[in-house]
Visitor: 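I'd like to ask some things about the structure below.
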Amino acid sequence: MSDAFSREKFQTYLAGKGLRVTNQRLAIFDAACAQKEHFTAEQLLDQARAIDDSVSRATVYRTLPLMTESHILREVDIGTGEKYYRSASNGNTQVAQVVCVDCDRIFEISAPFMEWYGSTVSMKLGLKPISQRLQVSAQCIAFRQGGRCPNRPKR
């Protein structure tokens with residue numbers, strides 16, 4: 001995701017909020033953009049510190065809302081109390097999330113029907129949808145049958 005357009009978009013957003021573009025915020029941006037899967041704030045902290053060891057936990061926690069507000073990242077809540085984040089750069093907002101309750105892995109699949117469904121249901125109620133999400137909690141069949149989840153990270 002780390003392209004010049006996204007970086008410029010983030011810098012413009014910060015300036016519009018009267019915030020400085022610091023090396024720490026840019027390290028957090030770069031670390032977030034390098035992630036291929038969903039990640040937590042703590043995982044982002046580790047990655048950002050690998051880029052700039054002066055990045056603080058507080059700066060990560062203050063920067064994440066800025067990155068979601070500017071549509072650089074999407075926030076994902078799977079109901080465990082910990083937030084996950086993922087790049088919003090693909091532009092596909094019509095995704096369903098399937099969460100494995102055995103390993104907390106989040107899978108995203110394209111769900112183009114969501115736009116139609118959200119619009120249809122909302123219009124029947126005289127409303128206009130502004131956001132929507134579909135999230136399914138699921139169990140790992142392989143884990144339940146054999147005690148091993150193929151999606152669980154190797155330790």
Visitor: Supply the atom-to-atom distance S6 OG to H71 NE2, rounded to the nearest 0.5 angstrom.
Guide: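 Output value for this atom pair is 12.5 Å.
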
Visitor: With a 4.5 Å cut-off on side-chain heavy atoms, are T12 and K9 touching?
Guide: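 They are not in side-chain contact.
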
Visitor: Looking only at side-chain N and O atoms, does Q24 offer a donor or acceptor that is under 3.5 Å from a partner on S54?
Guide: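 Yes, Q24 and S54 have a side-chain donor paired with an acceptor closer than 3.5 Å.
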
Visitor: What residue pairs, at least two apart or across chains, pass salt bridge (charged side-chain N to carboxylate O under 4.0 Å, His left out) with a residue in residues 45-59?
Guide: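 Checked against salt bridge (charged side-chain N to carboxylate O under 4.0 Å, His left out) - neighbours excluded - the pairs reaching residues 45-59 are E42-R57.
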
Visitor: Evaluate side chain to side chain contact (heavy atoms under 4.5 Å, CB included) for D30 paired with Q47, printing each intermediate quantity in order.
Guide: CA-CA 9 Å; D30 290 339; Q47 296 298 316; over 6 Å; no

Visitor: Kindly compute the distance separating CG (L125) from OG1 (T120), expressed to the nearest 0.5 Å.
Guide: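 Reported value, rounded in 0.5 Å steps: 11.0 Å.
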
Visitor: Indicate the atoms forming the closest heavy-atom contact of L45 with V55, along with that distance.
Guide: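 Looks like CD1-O, 4.0 Å.
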
Visitor: I51, L44: one ILVMFWY side-chain cluster at the under-4.5 Å cut-off?
Guide: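 Shared cluster, no.
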
Visitor: Which other residues belong to the hydrophobic cluster containing W116, where Ile, Leu, Val, Met, Phe, Trp and Tyr are joined when side-chain heavy atoms lie under 4.5 Å apart, directly or via other members?
Guide: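 W116 clusters with Y117, V121.
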
Visitor: List the residues meeting side chain to side chain donor-acceptor pair (under 3.5 Å) with E82, not counting sequence neighbours, and say none if there are none.
Guide: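 Not a single residue meets the side chain to side chain donor-acceptor pair (under 3.5 Å) criterion with E82.
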
Visitor: With rounding to the nearest 0.5 angstrom, report the NE2 to NZ distance, H38 to K83.
Guide: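 NZ of K83 is found 13.5 Å from NE2 of H38.
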
Visitor: Output the rest of the hydrophobic cluster of I141: all Ile, Leu, Val, Met, Phe, Trp and Tyr residues reachable through side-chain heavy-atom contacts under 4.5 Å, sorted by chain and number.
Guide: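 Hydrophobic cluster check, I141: no partners found.
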
Visitor: So which heavy atom on R86 is nearest to which on E37, and how close?
Guide: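 In terms of heavy atoms, the two residues are closest at CD-C, 4.4 Å.
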
Visitor: Start with the C-alpha distance between L73 and F39, add both sets of side-chain angles, then the distance that settles side chain to side chain contact (heavy atoms under 4.5 Å, CB included), and finish with yes or no.
Guide: CA-CA 11 Å; L73 296 178; F39 58 90; 4.0 Å; yes

Visitor: State which residue, out of V76, T40, T68, fulfils the side chain to side chain contact (heavy atoms under 4.5 Å, CB included) condition with Y85.
Guide: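 Among V76, T40, T68, the one that satisfies the side chain to side chain contact (heavy atoms under 4.5 Å, CB included) with Y85 is T68.
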
Visitor: Running the 4.5 Å side-chain criterion over Ile, Leu, Val, Met, Phe, Trp and Tyr, what cluster does V101 land in, apart from itself?
Guide: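 None, because no other hydrophobic side chain comes under 4.5 Å of this residue.
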
Visitor: If you look at every heavy atom in C140 and C100, which pair is closest and at what distance?
Guide: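 That would be CB-SG, 3.8 Å.
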
Visitor: Could you work out, with side chain to side chain donor-acceptor pair (under 3.5 Å) as the rule, every residue matching R144, not counting sequence neighbours?
Guide: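 For R144 the side chain to side chain donor-acceptor pair (under 3.5 Å) partners, ignoring immediate neighbours, are D102.
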
Visitor: Measuring only between side-chain heavy atoms, which start at C-beta, is T63 closer than 4.5 Å to F29?
Guide: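 Of all side-chain heavy-atom pairs linking F29 with T63, none is under 4.5 Å.
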
Visitor: CZ of R25 to CD of Q11: how many Å apart, nearest 0.5 Å?
Guide: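 Nearest 0.5 Å value for the CZ-CD distance: 11.5 Å.
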
Visitor: Find out whether E69 and K17 are in side-chain contact, i.e. whether some heavy atom of one side chain is under 4.5 Å from a heavy atom of the other.
Guide: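 They are in contact (side-chain heavy atoms under 4.5 Å apart), so the answer is yes.
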
Visitor: Do V60 and L19 belong together in a cluster built from hydrophobic side chains that touch within less than 4.5 Å?
Guide: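 V60 and L19: one cluster.
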
Visitor: To the nearest 0.5 Å, how far apart are OG1 in T22 and CD1 in I28?
Guide: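 Rounded to the nearest 0.5 Å, the OG1-CD1 separation comes to 7.0 Å.
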
Visitor: I need the S122 OG to K124 NZ distance, nearest 0.5 Å.
Guide: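 So the OG of S122 and the NZ of K124 are separated by 11.0 Å.
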
